[in-house]
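Each remark here refers to the structure printed beneath this line.
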Amino acid sequence: MPVGTGPGAFGEALACGVLVLDGGLSHQLEAQGCALSDALWTARLLADAPEQIAAAHTAYVRAGAQVLITASYQATFEGFARRGLGRRETAELLRRSVALARAAGEGKAWVAASVGPYGAMLADGSEYRGRYGLSVRRLAAFHRPRVEALAAAGPDVLALETVPDAVEAEALLRAAEGCGVPVWLSYTVAGGRTRAGQGLAEAFAVAAGNDQVAAVGVNCCEPAEAAEAVATAVAVTGRPAVVYPNSGERWDAEARGWRGASGYGPAAAPELAAEWAAAGARLIGGCCRVGPETVAAVASALGTAAATAPEGSEGREASERRKRSVGREGRKMPGGG
């Protein structure tokens, strides 16, 4: 991994080869005994137990992850407002999400600040349907404050992830304009289409010609969907692809549990990762139910090793200040559940 700083460094790294992403943050947090039934999901722990998030990030670094995705997927100003936190406190939690990942990486991992879809804030499953009935303008206005807060924290890239709808993808890209940080755009898909029903070629075309976009692809989907989606993303946009599917198990909402067999575990990961890389993926990892063991298998299969990464666009001195501050920030924020 080349050492560098600034918004172009991450894209340069992708040009040099495949980077291994982490796995499901929620999966590792649950393995650590954390309860995630709250409407804020993993974001609750930014206020209540940041040390658990740090430990989860560390588990993935030890497994060979070269990119850590922050715990900000479901962290929004609106969501934390329902818990009694003001905008300044929420902005601090968003900044903390980046600082925790940066400190856990210890110079061995890039930091991707997660920006989840509008439906994640609603916490009603609509992130897997899209079609909210909101315009691109309104969705962009919703996303922009969080994007600005995360970008100011100095991540290496923004992960616009689990996007169910091409309309929201357009809004996210508009919200990220001028923030000074590259982005990747990742849809959640089913049956070869976005969750909102758009064809993948149409959906990926939203990012075509956008120089801020470092990679385009899919996450939070069946592993069987990944290879074709990766090939389509590369063909439509000319960009490297990002891919981090679920294990293949399915969530049973009534029984409140996972059902079915895993199609993307340590045994299957080497062959799948090689297939995705051959199709043009340059960021490969896992989402729901994919843990450190599978990430380790991906890293081993691809012959990658965690190496020195840049300290982010703020530079080494600022990054060291962030690392020293994580310990001071570990106290519970007011209003946390």
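Just so it is clear, the structure is predicted and the values come from calculations on it, not from any experiment. Numbering of residues begins at 1 and proceeds along the displayed sequence.
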Side chain [X], main chain [Y], donor-acceptor under 3.5 Å:
| X | Y | value |
| --- | --- | --- |
| Gln52 | Leu29 | no |
| Thr294 | Val290 | no |
| Thr58 | Ala54 | yes |
| Arg102 | Gly154 | yes |
| Arg239 | Ala214 | no |
| Asp156 | Val111 | yes |
| Glu271 | Ala268 | no |
| Arg282 | Ala241 | no |
| Gln28 | His57 | no |
| Gln212 | Val181 | yes |

Looking only at heavy atoms, which two atoms of [X] and [Y] are closest? And how far apart?
| X | Y | result |
| --- | --- | --- |
| Val218 | Ala229 | CG1-CB, 3.7 Å |
| Ala113 | Val98 | CB-CG2, 4.2 Å |
| Ala299 | Gly64 | CB-O, 4.1 Å |
| Ala175 | Ala140 | CB-O, 3.7 Å |
| Ala215 | Leu14 | CB-CD1, 4.2 Å |
| Phe80 | Ala75 | CE1-CB, 3.7 Å |

Do other residues, nucleotides or ligands put more than 12 heavy atoms under 6.0 Å from the [atom1] atom of [X]?
| X | atom1 | result |
| --- | --- | --- |
| Glu78 | CD | yes |
| Arg138 | CZ | no |
| Arg62 | CZ | no |

Report yes or no: do [X] and [Y] belong to one cluster of Ile/Leu/Val/Met/Phe/Trp/Tyr joined by side chain heavy-atom distances under 4.5 Å?
| X | Y | value |
| --- | --- | --- |
| Val213 | Val243 | yes |
| Leu139 | Tyr73 | no |
| Leu94 | Tyr118 | no |
| Leu45 | Leu25 | yes |
| Met121 | Leu46 | no |

Lys/Arg N to Asp/Glu carboxylate O, Glu170 vs Arg174, below 4.0 Å: yes
NZ/NE/NH1/NH2 to OD/OE distance under 4.0 Å, Glu92 and Arg96: no
Can a donor-acceptor pair be found between the side chains of [X] and [Y] at a distance below 3.5 Å?
| X | Y | result |
| --- | --- | --- |
| Thr162 | Asn219 | yes |
| Thr188 | Arg195 | yes |
| His143 | Glu168 | yes |
| Gln66 | Tyr60 | no |
| Glu161 | Tyr244 | yes |
| Asp165 | Thr194 | no |

Side chain to side chain, [X] and [Y], heavy atoms closer than 4.5 Å:
| X | Y | value |
| --- | --- | --- |
| Trp184 | Val216 | no |
| Leu100 | Thr70 | no |
| Tyr128 | Pro117 | no |
| Phe142 | Leu134 | no |
| Val183 | Glu177 | no |
| Tyr187 | Pro164 | no |
| Val20 | Val295 | yes |

Hey, what do you get for [atom1] ([X]) to [atom2] ([Y]), rounding to the nearest 0.5 Å?
| X | Y | atom1 | atom2 | value |
| --- | --- | --- | --- | --- |
| Ile69 | Thr42 | CD1 | OG1 | 11.0 Å |
| Tyr264 | Cys288 | OH | SG | 13.0 Å |
| His27 | Cys287 | NE2 | SG | 11.5 Å |
| Glu225 | Asn246 | CD | CG | 11.0 Å |
| Arg259 | Arg250 | CZ | CZ | 13.5 Å |
| Gln74 | Ser114 | CD | OG | 9.5 Å |

From Leu158, Leu150, Val115, residue fulfilling side-chain contact (heavy atoms from CB on, under 4.5 Å) relative to Ser72: Leu150
Stepwise side chain to side chain contact (heavy atoms under 4.5 Å, CB included) check, Leu283 with Trp276: CA-CA 9 Å; Leu283 292 159; Trp276 300 334; over 6 Å; no
Arg87 to Phe77, cation-pi by 6.0 Å centre distance and 45° axis angle: yes
